[in-house]
K.L.:
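One structure, pasted below without further comment.
On a predicted model such as this, the values are computed, not experimentally measured, just so you know. Reminder, nothing fancy here: chain letters follow the sequence lines and each chain counts from 1.
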Number of protein chains: 2
Amino acid sequence: MKKITIKDIAKAMGYSIGTISKALSNSHEISPVTKVEIQKFANEHGYQSNQYAKLLRKGRTNIIGMIVPSIGNPFFSQILEGIEREMSETTYNLIIMQSADDPKLELKHLEMLSKKGADAVVIAATGNHLSLRYLQRLKDEGTPIVLIDRTNYAINTYKIGIDNFKVVYQGISQLVNRGKRKILFISNLSPGTSMERRRGYIQCLRDFDIAYNSDYLLSIATNSGRMEVLEQLKNKLIHLVNSSSPPEAIFTASDQLTYLTLEALHAIGIAVPDHLALIGFANFQYTNIFQPSLSSIVQPSHEIGSQAFAILSKILDSSDNEILAAYQNIELQASILTRKSSE
Amino acid sequence: MKKITIKDIAKAMGYSIGTISKALSNSHEISPVTKVEIQKFANEHGYQSNQYAKLLRKGRTNIIGMIVPSIGNPFFSQILEGIEREMSETTYNLIIMQSADDPKLELKHLEMLSKKGADAVVIAATGNHLSLRYLQRLKDEGTPIVLIDRTNYAINTYKIGIDNFKVVYQGISQLVNRGKRKILFISNLSPGTSMERRRGYIQCLRDFDIAYNSDYLLSIATNSGRMEVLEQLKNKLIHLVNSSSPPEAIFTASDQLTYLTLEALHAIGIAVPDHLALIGFANFQYTNIFQPSLSSIVQPSHEIGSQAFAILSKILDSSDNEILAAYQNIELQASILTRKSSE
DNA sequence: CTGAAAGCGCTTACAG
DNA sequence: CTGAAAGCGCTTACAG
């Protein structure tokens with residue numbers, strides 16, 4: 001059952017290679033009768049065009065490169081789901097790579113994608129300046145770039161994320177409305193999102209006339225191992241809880257930090273919400289079976305993925321690979337599931 | 001900053017195209033001096049070979065196709081992580097597709113992979129006979145196939161999973177040793193794993209001299225929506241709990257069923273483990289923050305991925321794409337994390 | 001409406 | 001040790 005080519009069809013049917021090619025791509029140059037005849041023959045013999053010959057000829061690869069910190073993180077795996085569902089039956093190919101939030105690895109992956117001739121790149125970037133410069137260069141060379149999740153970077157391109165300021169503001173408001181005034185804010189170091197999230201926190205406190213306390217602003221590097229991050233959190237939390245002014249609530253500004261903070265609180269024996277309320281970013285589908293059921297900020301992860309693909313396919317499908325009128329910064333709506341952990 | 005080709009180098013250096021090609025692939029035909037000179041020039045000018053021209057010439061695509069039920073399921077996303085880490089800096093390309101455990105979609109994806117000319121396929125198959133037949137055909141045509149997770153199918157190829165019988169036997173033993181004799185076993189319909197898991201359950205009961213009760217053997221189709229599965233579970237559980245012989249423990253034989261069963265138990269107000277103990281398959285990294293902390297069967301998901309790639313790269317890298325001596329059925333070790341839910 | 005020919009970027013027998 | 005030439009499977013001006 002060897003693969004059949006245009007040449008085979010041409011020989012079998014007594015047409016030239018060019019005619020077969022044109023008939024199969026439905027060219028108007030070919031007479032309807034011949035076209036039908038050829039297409040029928042091709043179908044019956046299971047002809048499938050060789051993508052690589054096509055792409056070589058057209059100078060394209062149809063590869064969309066994607067870099068995320070970790071596929072195992074449900075937030076990113078859901079984004080991936082969203083892309084895959086749209087893409088699977090197209091001729092595009094997705095290549096996925098994990099940066100582990102390591103700038104060096106990220107840069108290596110970008111170089112690899114360039115080497116593989118990726119026609120577009122989707123990335124949740126670490127924010128490392130070398131990577132950003134590389135992205136800028138790719139963009140200048142004509143490769144469309146879509147920044148997802150972490151969008152607050154000074155590069156003028158397509159961006160898809162959420163309104164970080166707003167959803168954090170809402171989350172903090174909830175805590176305040178439940179009588180919490182001493183709110184610990186824990187975020188990671190990603191400049192792509194943490195600025196806006198922190199701004200939401202600070203502005204909300206200000207609007208509620210709550211004094212700002214720098215001890216309540218915690219930044220944790222999450223690209224070290226899980227155990228290390230957990231230890232750090234435990235130490236910080238023990239310290240704060242035993243301080244003269246212990247926090248009454250925690251807001252965690254990333255999925256991983258939410259899970260690890262909850263784990264740390266369990267480990268050091270602090271009851272949630274009795275002792276300390278908690279609300280945080282979390283996209284795992286089953287946060288309602290957490291101890292306690294978790295008040296979660298949920299992002300439209302699937303939609304982030306599907307929109308990224310929508311934008312790219314629009315650009316790549318346009319004959320001259322033209323960049324759309326204006327770069328868009330799409331801010332989708334995140335939602336808050338209020339549950340026991342913040343009661 | 002246009003891409004530079006072999007032709008460009010040939011023109012610039014005054015060598016023929018063939019010589020450049022051979023020098024870059026380190027052929028012994030070329031004199032060491034010339035080779036160094038050419039390689040240096042290529043490096044300095046950022047030459048990157050066009051994979052597609054290469055593959056077209058060699059009749060290969062270097063595409064590895066992968067089909068899993070759902071990328072969002074942490075178990076499968078971890079397998080993906082395992083593959084990606086090994087593969088990212090190679091010239092192989094992974095194409096991922098989701099079957100949603102839908103046989104029709106699975107078959108469509110397989111056809112797509114064949115159309116794209118995948119050089120190999122990695123699949124957690126539904127077990128649908130049309131798909132299995134298609135896989136068999138691909139295999140017969142020379143495409144290496146690796147079955148992951150669901151390995152109990154009558155197709156003679158590479159298989160990577162766990163010793164399902166053994167780990168279930170151990171899990172059930174734990175429950176029995178804690179005094180439970182009425183154990184409800186909930187599994188999905190996948191023939192690739194559920195047979196062996198069920199066998200472990202039944203054999204364990206037998207060895208402990210516990211009467212087998214068919215009411216305690218529950219099979220749930222998990223490819224309908226999440227809410228639907230949840231409803232089913234709630235109904236079944238309410239019925240059983242109120243029966244004349246209510247179960248004392250539950251063993252859930254898939255990740256999704258574990259989460260949903262716990263959710264169902266919460267919803268209908270059954271306390272775990274006080275009222276009913278629970279132990280189940282679960283690969284989410286943070287099952288210790290569940291309510292209660294979950295006794296989990298954890299599979300070596302990353303290793304399943306990395307081994308799949310290891311096998312394939314070995315086959316595909318061998319010049320004649322030869323199938324290795326014998327097909328292997330690799331059974332990795334799963335582990336049991338015993339925690340509060342089964343106390 | 002159909003065909004002959006060039007070429008995408010590469011590799012590899014075959015000569016010399 | 002180096003080069004000329006054919007060919008992987010396709011598309012597309014250009015002729016006729």
K.L.:
If you compare every side-chain N and O of B:Tyr15 against the phosphate oxygens of D:dA4 (OP1, OP2), does one of them come in below 4.0 Å?
P.N.:
no
K.L.:
Kindly state which residues belonging to residues 16-23 of chain A come within less than 4.0 angstrom of DNA chain D, counting heavy atoms of the residue only, listed by number.
P.N.:
A:Ile17, A:Gly18, A:Ser21, A:Lys22
K.L.:
In this structure, how many angstroms lie between the P atom of D:dG9 and the OH atom of A:Tyr47, rounded?
P.N.:
10 Å
K.L.:
Rounding to a whole Å, what distance do you find between B:Lys116:NZ and D:dG9:P?
P.N.:
20 Å
K.L.:
Atom NE2 of B:His28 and atom P of D:dT2: how far apart are they, to the nearest Å?
P.N.:
13 Å
K.L.:
Under the ring-ring contact (aromatic ring centres under 6.0 Å, His included) rule, what pairs show up with a residue in residues 105-152 of chain A, not counting sequence neighbours?
P.N.:
none
K.L.:
With heavy atoms under 4.0 Å as the rule, sort A:Leu56 into base, sugar-phosphate or nothing.
P.N.:
base
K.L.:
Taking atom P of D:dA13 as reference, at what distance in whole Å does atom NZ of A:Lys58 sit?
P.N.:
11 Å
K.L.:
For DNA chain D, produce a single dot-bracket line, 5' to 3'. Pairs: Watson-Crick or G-U wobble, both distances under 3.5 Å. Symbols: ( ) within strand, [ ] crossing, | other strand, . unpaired.
P.N.:
|||.||||||||.|||
K.L.:
Which residues pass the ring-ring contact (aromatic ring centres under 6.0 Å, His included) test with A:Tyr15, sequence neighbours left out?
P.N.:
none
K.L.:
Rounded to whole Å, please give me the gap between CE in B:Met13 and P in D:dG3.
P.N.:
11 Å
K.L.:
Counting only N and O atoms by type, is there a donor-acceptor contact under 3.5 Å from the side chain of B:Glu86 to the main-chain atoms of B:Ser306?
P.N.:
no
K.L.:
Contacts to DNA chain C from residues 29-42 of chain A, heavy-atom cutoff under 4.0 Å, which residues?
P.N.:
A:Glu29, A:Ile30, A:Ser31, A:Pro32, A:Thr34
K.L.:
Of all residues at least two apart in sequence or in a different chain, which pass the side chain to side chain donor-acceptor pair (under 3.5 Å) check with A:Asn43?
P.N.:
none
K.L.:
I'd like to check the side chain to side chain donor-acceptor pair (under 3.5 Å) partners of A:Thr151; sequence neighbours left out, ordered by chain and number.
P.N.:
none
K.L.:
The criterion is side chain to side chain donor-acceptor pair (under 3.5 Å); which residues satisfy it with A:Asp8, sequence neighbours excluded?
P.N.:
A:Thr5
K.L.:
Suppose we screen for side chain to side chain donor-acceptor pair (under 3.5 Å). Which residues come up paired with A:Glu81, at least two apart in sequence or across chains?
P.N.:
A:Arg85, A:His302, B:Ser70
K.L.:
Do any pairs count as a salt bridge (Lys or Arg N to Asp or Glu O under 4.0 Å) and have a residue in residues 100-110 of chain A, sequence neighbours left out, and if so which ones?
P.N.:
A:Asp101-A:Arg150
K.L.:
To the nearest Å, give me how far apart CD1 (A:Ile6) and P (C:dG3) are.
P.N.:
13 Å
K.L.:
May I ask you to decide if A:Tyr153's main-chain N or O and A:Lys159's side chain share a donor-acceptor pair within less than 3.5 Å?
P.N.:
yes
K.L.:
Can you run down the ring-ring contact (aromatic ring centres under 6.0 Å, His included) pairs that involve residues 47-69 of chain B, sequence neighbours left out, and say none if there aren't any?
P.N.:
A:Tyr52-B:Tyr52
K.L.:
Scan B:Ser25 against the nucleic acid and name what it touches under 4.0 Å (heavy atoms): base, sugar-phosphate only, or nothing.
P.N.:
nothing
K.L.:
Is B:Gln299 close to B:Ile79 at the side-chain level, that is, under 4.5 Å between some pair of heavy atoms?
P.N.:
no
K.L.:
Sort and list the pairs that fulfil salt bridge (Lys or Arg N to Asp or Glu O under 4.0 Å) and have at least one residue in residues 24-38 of chain B, not counting sequence neighbours.
P.N.:
B:Lys22-B:Glu29
K.L.:
Assign each of B:Lys7 and A:Gly14 to its nearest nucleotide of DNA chain C by heavy atoms, then name whichever residue's nucleotide is nearer the 5' end.
P.N.:
A:Gly14
K.L.:
Once you round it to whole Å, what is the distance between C1' of C:dC1 and CG of A:Asn26?
P.N.:
15 Å
K.L.:
Between A:Lys54 and C:dC8, does any side-chain N or O lie under 4.0 Å from OP1 or OP2?
P.N.:
no
